[in-house]
Structures are given as C-alpha cells and as structure tokens.
Protein chains: 2
Amino acid sequence: MRSPADLTAAFRQQGLKITPQRQLIFRLLHGNEEHPSAEALYELASAQMPGISLRTVYQTLTDLASMGELQVLSLAPGAQRFDPNVTDHHHARCNDCGQLRDVYVERMLDIEVHGLDGFQPDGAAIVFTGLCDVCATTRPSADLHQHTNNSK
Amino acid sequence: MRSPADLTAAFRQQGLKITPQRQLIFRLLHGNEEHPSAEALYELASAQMPGISLRTVYQTLTDLASMGELQVLSLAPGAQRFDPNVTDHHHARCNDCGQLRDVYVERMLDIEVHGLDGFQPDGAAIVFTGLCDVCATTRPSADLHQHTNNSK
DNA sequence: CTCGCAATCTGCAACTCGTGCAGACAATCA
DNA sequence: TGATTGTCTGCACGAGTTGCAGATTGCGAG
Ligand SMILES: [Mn+2]
Ligand SMILES: [Mn+2]
Ligand SMILES: [Zn+2]
Ligand SMILES: [Zn+2]
C-alpha cells in the first residue's frame with residue numbers, strides 16, 4: 001500500500017473525496033504488518049476518532065482492495081484479514097493465537113506440480129501453519145496437530 | 001478418509017453409535033473429490049434421505065474432522081469445504097466458479113523460506129488460483145503470470 | 001425380545017461476519 | 001455561500017455455523 005499522501009492523491013484523482021475517516025484508516029494501515037481484521041482496525045480507529053462507524057471501515061477497506069492497494073486474506077475461519085503488503089509474499093499462521101506473519105519464499109519455480117492439467121493459474125499462495133514464537137514457549141512444544149483455537 | 005465399513009468399525013470402537021444418517025454421509029464422502037460444502041452434502045443427503053437435518057450433516061462432519069478422517073478447508077470467503085482426501089496434497093481454486101481440485105506438489109523442500117525465525121511450522125498448504133478449464137473457455141483468457149510452471 | 005439409558009437427531013434460536021439501504025452529513029467547487 | 005454529489009452512520013438483513021432442548025433411537029443388559 002502506498003503512503004497516506006500518495007493515497008490521498010490517488011483518491012482525489014479518481015474523483016473520490018478525502019475525508020478524515022479515510023485519512024485515519026490510511027495512516028493505521030500504512031506499514032502495518034499485523035494483518036488486522038476489520039474489527040481490529042475499527043478498535044484502533046475508534047480510539048482516535050470516537051464515533052467512526054464499523055461500516056465505514058469496511059467500506060474503505062473494500063475501496064482500497066479494489067484499487068489494489070491491499071489484499072484481503074481468507075486463510076482460516078473467522079474474519080478476513082487485510083494486508084497492505086502487496087509485494088509477492090506468503091504467510092505463516094499460528095494455530096493457537098491466529099497471528100499471521102509475512103514469509104518470503106524463493107525458488108518457488110523449483111517445485112514440481114501435478115494435476116493442474118487444463119487449469120490456468122494466475123498465482124499461488126503458501127500458508128505455513130504451526131506455533132508462533134510466543135505460543136510455542138507458552139505451550140511446551142507439545143502436540144503439533146489437533147489444535148485449532150482462534151484468537152478473539 | 002477410510003471406507004464406510006472401516007469408519008463404522010472405528011465409530012463403534014469409540015462408543016459412537018451407527019445411525020443411518022452417519023452411514024449415508026460416510027458413503028457420500030468416500031472417494032468424493034469435489035470438496036463439497038456442508039450445504040452441498042446436505043442436498044445430496046436429502047435426495048436419499050428426505051428429512052435429514054443440516055445440523056446432523058454439520059455434526060457428522062465435525063466428528064469426522066476431529067477423528068482426522070477429513071480435513072476442513074477455509075481457502076476463501078464463504079462456506080468451508082470438506083476434504084476426505086487426507087493424503088499430502090494441495091489445491092487449485094477457480095476464481096470464477098470456486099471449484100477446488102487436488103494438486104500434488106513435489107520437491108517442496110527445494111524452496112527457500114525467509115522470515116520463519118522462531119515460528120515452529122507443522123505444515124504448509126499451497127493454493128493455486130486461476131481459472132478452471134471450464135471457466136477458462138467460457139471467459140476470455142487473461143494473460144497469466146509465470147508463478148507456476150513445471151506441470152507434468 | 002423387550003427395556004432403559006445414553007447418544008443422537010431435529011428444529012430453532014442465536015451468533016459472527018459482512019453487505020444493502022436510506023437519510024443525515026460534509027467535501028468540493030462555482 | 002450554496003449546490004452538488006459522494007460519504008458516513010445506523011440498522012436491517014443474509015450467509016454460514018453453533019448452542020440448546022426436547023423427541024427419537026441405537027444398542028447393551030436382562
Ligand atoms: Mn502479509
Ligand atoms: Mn483435496
Ligand atoms: Zn501464537
Ligand atoms: Zn471455474
């Protein structure tokens with residue numbers, strides 16, 4: 001996602017208005033690596049702008065996504081996550097707390113794929129599952145399967 | 001997922017009862033490669049057993065999943081998909097119709113991963129996106145990137 | 001084979017996440 | 001400053017899934 005200033009210009013150029021709500025959301029997202037949900041962003045936004053509507057947060061996120069400024073991730077049950085990082089990258093998801101972190105993968109083309117016959121791929125996403133550093137120490141590196149808890 | 005007969009034995013062994021509803025669902029899932037949603041399975045089941053409850057379908061799916069007989073896929077917004085194929089495999093998802101197909105990937109270990117520091121992975125899932133054969137011919141084909149070649 | 005209990009099934013309410021809608025509101029520009 | 005849109009907000013609604021309770025039934029004991 002581009003900087004708040006660049007986004008402001010881009011919105012203006014498209015005939016979209018610059019509102020304090022949008023500007024706030026631009027700021028909250030810029031450089032944000034937490035892959036927040038709409039609700040999470042709403043909480044952040046509400047702290048700085050009491051009265052802002054969750055509907056507005058959703059609307060702005062949708063606008064940004066359709067402008068290609070952020071990607072929407074649906075990697076697990078529950079709320080979608082929004083990612084202002086639109087570079088080519090992948091994710092690791094904690095089975096315990098749901099945290100998402102960025103992962104960069106190289107030599108993807110070295111893999112051998114069977115069964116795509118007739119399918120025209122335009123991309124591939126890798127999601128690593130496991131335990132994040134925090135949850136790994138909290139829980140003695142026990143069972144590596146079976147748990148599917150979600151964060152709240 | 002094992003055969004209906006094997007599952008029947010497994011359920012009995014765990015003190016779970018064998019009901020006609022469960023047996024029907026075993027049969028509908030065995031060898032099913034369509035990655036159906038709960039609703040889709042409910043439709044199939046209703047055809048053979050009018051009056052069966054959607055709730056029961058969900059319940060049985062949850063039971064099977066917690067026994068490790070099937071995996072639950074949340075790869076996109078919308079309903080979860082259920083996969084009786086628990087071998088090591090991956091998926092390709094059509095952007096147009098949502099169809100999921102199995103994909104087998106080899107030489108995964110050849111990839112180079114950065115950013116996992118401290119994260120303890122227990123698995124990785126690849127999802128290819130694009131157009132399935134049907135939708136690709138229906139629609140004008142958009143030019144693809146080179147993310148995924150090496151098909152065999 | 002019948003009985004009785006616990007597991008299961010069913011229908012419905014409730015819940016989460018997201019979208020549609022309409023009227024109040026406000027950014028922009030003449 | 002006023003007119004013109006686009007935007008914001010609050011609420012209703014919809015999809016997907018789970019919680020609950022009463023009716024039903026599998027199945028082991030007798
Ligand atoms: Mn990311
Ligand atoms: Mn599969
Ligand atoms: Zn964690
Ligand atoms: Zn398709």
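First the proteins, then the strands, lettered A, B, ... as listed; each starts at 1.
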Query raised in the report: Can B:Phe128 and A:Asp122 be said to form a side chain to side chain contact (heavy atoms under 4.5 Å, CB included), step by step?
Result: CA-CA 8 Å; B:Phe128 296 86; A:Asp122 67 358; over 6 Å; no
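By the neighbour-count criterion of 12 heavy atoms within 6.0 Å, atom CD of B:Gln59 is densely surrounded, having more than that number from other residues, nucleotides or ligands. More than 12 heavy atoms of other shown residues, nucleotides or ligands fall within 6.0 angstrom of atom CD in A:Glu43. Within a 6.0 Å radius of CD in B:Glu112, other residues, nucleotides and ligands contribute more than 12 heavy atoms.
Separating the CZ atom of B:Arg81 from the P atom of D:dG16 is a distance of 11 Å, rounded to the nearest angstrom. Straight-line distance from the CD1 atom of B:Ile18 to the C1' atom of C:dC9: 15 Å, rounded to whole Å. Across the protein-nucleic acid pair, B:Tyr58 atom OH and D:dG16 atom P stand 7 Å apart, rounded to whole Å. The nearest whole Å value for the distance from the CE atom in A:Met49 to the P atom in D:dT9 is 8 Å. In this structure, A:Gln21 atom CD and D:dT7 atom P are separated by 11 Å, rounded to whole Å. The distance between atom CG of A:Leu64 and atom C1' of D:dT7, rounded to the nearest whole Å, is 14 Å. The distance between atom CD of A:Gln14 and atom P of D:dG6, rounded to the nearest whole Å, is 13 Å. The separation between A:Ile52 atom CD1 and D:dT7 atom P is 14 Å, rounded to whole Å.
Closest-nucleotide positions on DNA chain D for A:Ser53 and B:Ala79 were compared, and the one nearer the 5' end corresponds to A:Ser53. Between B:Gly15 and B:Gln59, the residue anchored closer to the 5' end of DNA chain C is B:Gly15, taking for each the nucleotide with the nearest heavy atom. Across the interface with DNA chain D, nearest-nucleotide mapping of B:Leu16 and A:Thr56 shows A:Thr56 to be the residue nearer the 5′ end.
Applying the 4.0 Å criterion to OP1 and OP2 of C:dA27, one finds that A:Arg12 has every side-chain N and O outside that range. For the pair A:Thr19 and D:dG6, the criterion of a side-chain N or O lying under 4.0 Å from OP1 or OP2 is not met.
Among the protein residues, A:Leu54 comes within range of no part of the nucleic acid, since none of its heavy atoms lies under 4.0 Å from any strand. Counting non-hydrogen atoms under 4.0 angstrom, B:Gln80 reaches the backbone sugars and phosphates but no base. At the heavy-atom level, B:Gly51 lies under 4.0 Å from the strands shown only through sugar-phosphate atoms.
Looking only at distances, a side-chain donor or acceptor of B:Arg101 sits under 3.5 Å from a matching main-chain atom of A:Gly115.
With D:dT25, D:dG6, C:dG18 as the candidates, the nucleotide lying closest to the side chain of B:Lys17 is D:dT25.
Side-chain atoms of B:Arg55 and base atoms of D:dG19 include a donor and an acceptor less than 3.5 Å apart.
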